[in-house]
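Start at 1 with the first residue, then count along the sequence. Just so we're clear, the structure is a prediction, and the values are computed from it rather than from any experiment.
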Amino acid sequence: MGLTQTIGEAAEREARHYLEQQGLVFVSANWRVHFHKQVGEIDLIMRHGQEIVFVEVRARTLAAFGGAAVSVSGVKQRKLRRTALAYLQQQGRPDAYCRFDVMAREGAQWHWYRNAF
């Protein structure tokens, strides 16, 4: 396991813990689906009341180049939407109310962006 993967897994655990403290309920982590030759993955799936929350977790040691949140590009957003739709369809809830949040850590500081995209 590489250092980047280890840091990412630790960040996902921290983000999950933080969100649970805020009242969200954990549903799944690292949910994956295969699209032809690509794999879509959602870091965390949480529930907030009746709302399904798809969470992208990003961690950066420095805020250089726009920081962690900015690294969720338009391409990444489209892939996350497509992956979330596959999840909802698999769960038999294609019309469920959902949102996309970003948990971004820069150094030791966390930022929670609700309805990020």
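Annotation: cation-pi pair R82/F35 present, NZ/CZ under 6.0 Å from the ring centroid and within 45° of its normal.
Closest approach of P94 and Q89 over heavy atoms only: CB-CG, 4.2 Å. Annotation for A96 and L88: closest pair CB-CD2, 4.0 Å, computed over non-hydrogen atoms. Nearest heavy atom pair, residue L24 against residue W112, reads CD1-CH2, 3.9 Å.
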- Do F26 and L44 pass the side-chain contact (heavy atoms from CB on, under 4.5 Å) test, and can you show the C-alpha distance, the side-chain angles, and the key distance before you say yes or no? CA-CA 8 Å; F26 175 74; L44 295 172; 4.2 Å; yes
- Task: List the steps and the verdict of side-chain contact (heavy atoms from CB on, under 4.5 Å) for L80 and E56.
- Result: CA-CA 8 Å; L80 287 167; E56 177 68 7; 3.6 Å; yes
- Message: Apply side-chain contact (heavy atoms from CB on, under 4.5 Å) to residues F117 and D101 and explain how you reach the verdict.
- Response: CA-CA 8 Å; F117 56 91; D101 290 3; over 6 Å; no
- Would you check, one step at a time, whether the test side-chain contact (heavy atoms from CB on, under 4.5 Å) holds for E51 with M46? CA-CA 8 Å; E51 192 171 41; M46 309 289 288; over 6 Å; no
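Annotation: side chain of I52 is in contact with side chain of I45 (closest heavy-atom distance under 4.5 Å). Between V55 and V102, every side-chain heavy-atom pair lies at or beyond the 4.5 Å cut-off.
Side-chain atoms of H34 and Q38 include no donor-acceptor pair closer than 3.5 Å. E14 and W110 form a side-chain donor-acceptor contact under 3.5 Å, judged by distance and modelled atom types alone. Side-chain contact of E12 with N30: a donor-acceptor pair under 3.5 Å is present, judged by distance alone.
Checking side-chain atoms of S73 against main-chain N and O of K76 turns up a donor-acceptor pair under 3.5 Å. A donor-acceptor pair is defined here as one N or O able to donate and one able to accept, closer than 3.5 Å; no such pair exists between the side chain of R16 and the backbone of Y18. Checking side-chain atoms of Q77 against main-chain N and O of V72 turns up a donor-acceptor pair under 3.5 Å. A donor-acceptor pair under 3.5 Å is formed between the side chain of D43 and the backbone N or O of V57. Under the 3.5 Å distance criterion, the side-chain polar atoms of K79 are matched with a main-chain donor or acceptor of V39.
Under 4.0 Å is where a charged nitrogen must lie from a carboxylate oxygen, and between D95 and R93 no such pair does.
The SG atom of C98 sits 10.0 Å away from atom CZ of R81, with the distance rounded to the nearest 0.5 Å. The distance from the NE2 atom of H111 to the CE atom of M103 is 9.5 Å, given to the nearest 0.5 Å. Going from atom CG of L85 over to atom CZ of F54 covers 9.0 Å, rounded to the nearest 0.5 Å. Rounded to the nearest 0.5 angstrom, W31 CH2 and Y87 OH are separated by 8.0 Å.
Surrounding CD of Q21 are more than 12 heavy atoms belonging to other residues, nucleotides or ligands, all under 6.0 Å away.
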